[in-house]
Amino acid sequence: MKYMAPPPGEYERGLFAHTDKPVSTIICDDHVSGLEIEVNDGQWIKLSLSPSSFCFVVGDPLKSNGRLKAVNHRVMMSGDKDRFSLAAFAIPVEGTVIKAPKELIDEQHPQLYKDFDFMDFFLFAFSDPAKHIDSGEQLQAYASLSPPVSH
Ligand SMILES: O=C(O)CCC(=O)C(=O)O
Ligand SMILES: [Fe+2]
């Protein structure tokens, strides 16, 4: 992706806040920082990736019954340099069903989401109805079991 440097002195959105819809994403950049993650509600931290590092982002389907966090992230641009990034998305083969590992489901951790077809969720997340749902709530909207089920 290419993110243009903002006008001088501005702090400008390059990519809106979201959680990722693929299973996971690996992000590298050209060391012009811009990627930010939300650590607490409304508190954002800018990541500075060193030349030899990358960022591994857990996507909604990898939340593993809520044990892993699909972090909310965005790109904000400042300074006078354009930013280039490369994102490698893990998209499973057609027909892949996402299930929480049974080892992660017990009395203390009831099953939060039904088993779901990855591609059905992916298409839902980019559908018109889902545009009205906060990105971080889309998996909940699509696959939540209420009440959660313990086995
Ligand atoms: O370009 C970046 O650093 C982030 C890209 C990203 O979050 C995405 O494509 O989902
Ligand atoms: Fe992302």
Side-chain angles (χ1 to χ4, degrees), residues 1-101 104 109 111-146 148:
M1 268 80 70
K2 178 181 182 181
Y3 302 94
M4 306 284 275
E10 303 262 313
Y11 184 62
E12 200 174 76
R13 188 175 77 181
L15 183 62
F16 63 91
H18 64 283
T19 60
D20 282 355
K21 308 306 149 188
V23 171
S24 61
T25 311
I26 292 173
I27 300 171
C28 304
D29 66 21
D30 62 349
H31 323 128
V32 174
S33 58
L35 181 60
E36 297 184 351
I37 59 168
E38 189 178 21
V39 283
N40 291 314
D41 263 355
Q43 193 194 337
W44 293 88
I45 287 184
K46 194 176 285 289
L47 300 184
S48 295
L49 300 178
S50 76
S52 58
S53 66
F54 58 81
C55 181
F56 180 87
V57 181
V58 170
D60 290 347
L62 194 60
K63 281 172 81 168
S64 308
N65 205 38
R67 305 283 194 108
L68 297 180
K69 186 175 169 66
V71 77
N72 203 27
H73 57 287
R74 67 184 184 184
V75 174
M76 295 296 292
M77 294 297 293
S78 57
D80 58 2
K81 291 196 176 75
D82 296 341
R83 172 173 184 266
F84 292 86
S85 70
L86 192 148
F89 300 112
I91 310 264
V93 293
E94 215 179 324
T96 298
V97 173
I98 305 292
K99 300 180 184 196
L104 297 183
H109 307 92
Q111 187 177 350
L112 298 177
Y113 309 108
K114 65 180 181 191
D115 298 347
F116 61 92
D117 181 279
F118 170 81
M119 197 46 74
D120 281 351
F121 165 67
F122 198 70
L123 294 176
F124 165 77
F126 291 100
S127 69
D128 277 342
K131 289 201 175 83
H132 306 289
I133 304 169
D134 189 63
S135 180
E137 302 295 325
Q138 286 171 342
L139 182 65
Q140 176 78 10
Y142 178 78
S144 81
L145 283 170
S146 57

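Remember, it's 1-based here, ligands and their atoms both numbered in the order they're listed. Predicted model only: the values in this text are computed from it and were never measured.
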Short N-O contact, D30 and R83, less than 4.0 angstrom:
no
Measure the CG-OG1 distance between N72 and T19 for me, rounded to the nearest 0.5 Å.
6.5 Å
Could you please provide the protein residues found below 4.0 Å of ligand 1 on a heavy-atom basis, arranged by chain and number?
M1, Y3, L15, H18, D20, I27, L35, H73, V75, R83, S85, F89
Any donor-acceptor pair under 3.5 Å linking the side chain of D20 with the backbone of P22?
no
Taking atom CZ of F116 as the centre, report whether more than 12 heavy atoms of other residues, nucleotides or ligands fall under 6.0 Å from it.
yes
Per the side-chain hydrogen bond (donor to acceptor under 3.5 Å, both in side chains) rule, which among E36, E38, H18 passes with R74?
E36
Here the N/O/S atom of D20 closest to the Fe ion (ligand 2) would be OD1
Shortest non-hydrogen contact between P92 and V23, atoms and distance
CD-CG2, 3.8 Å
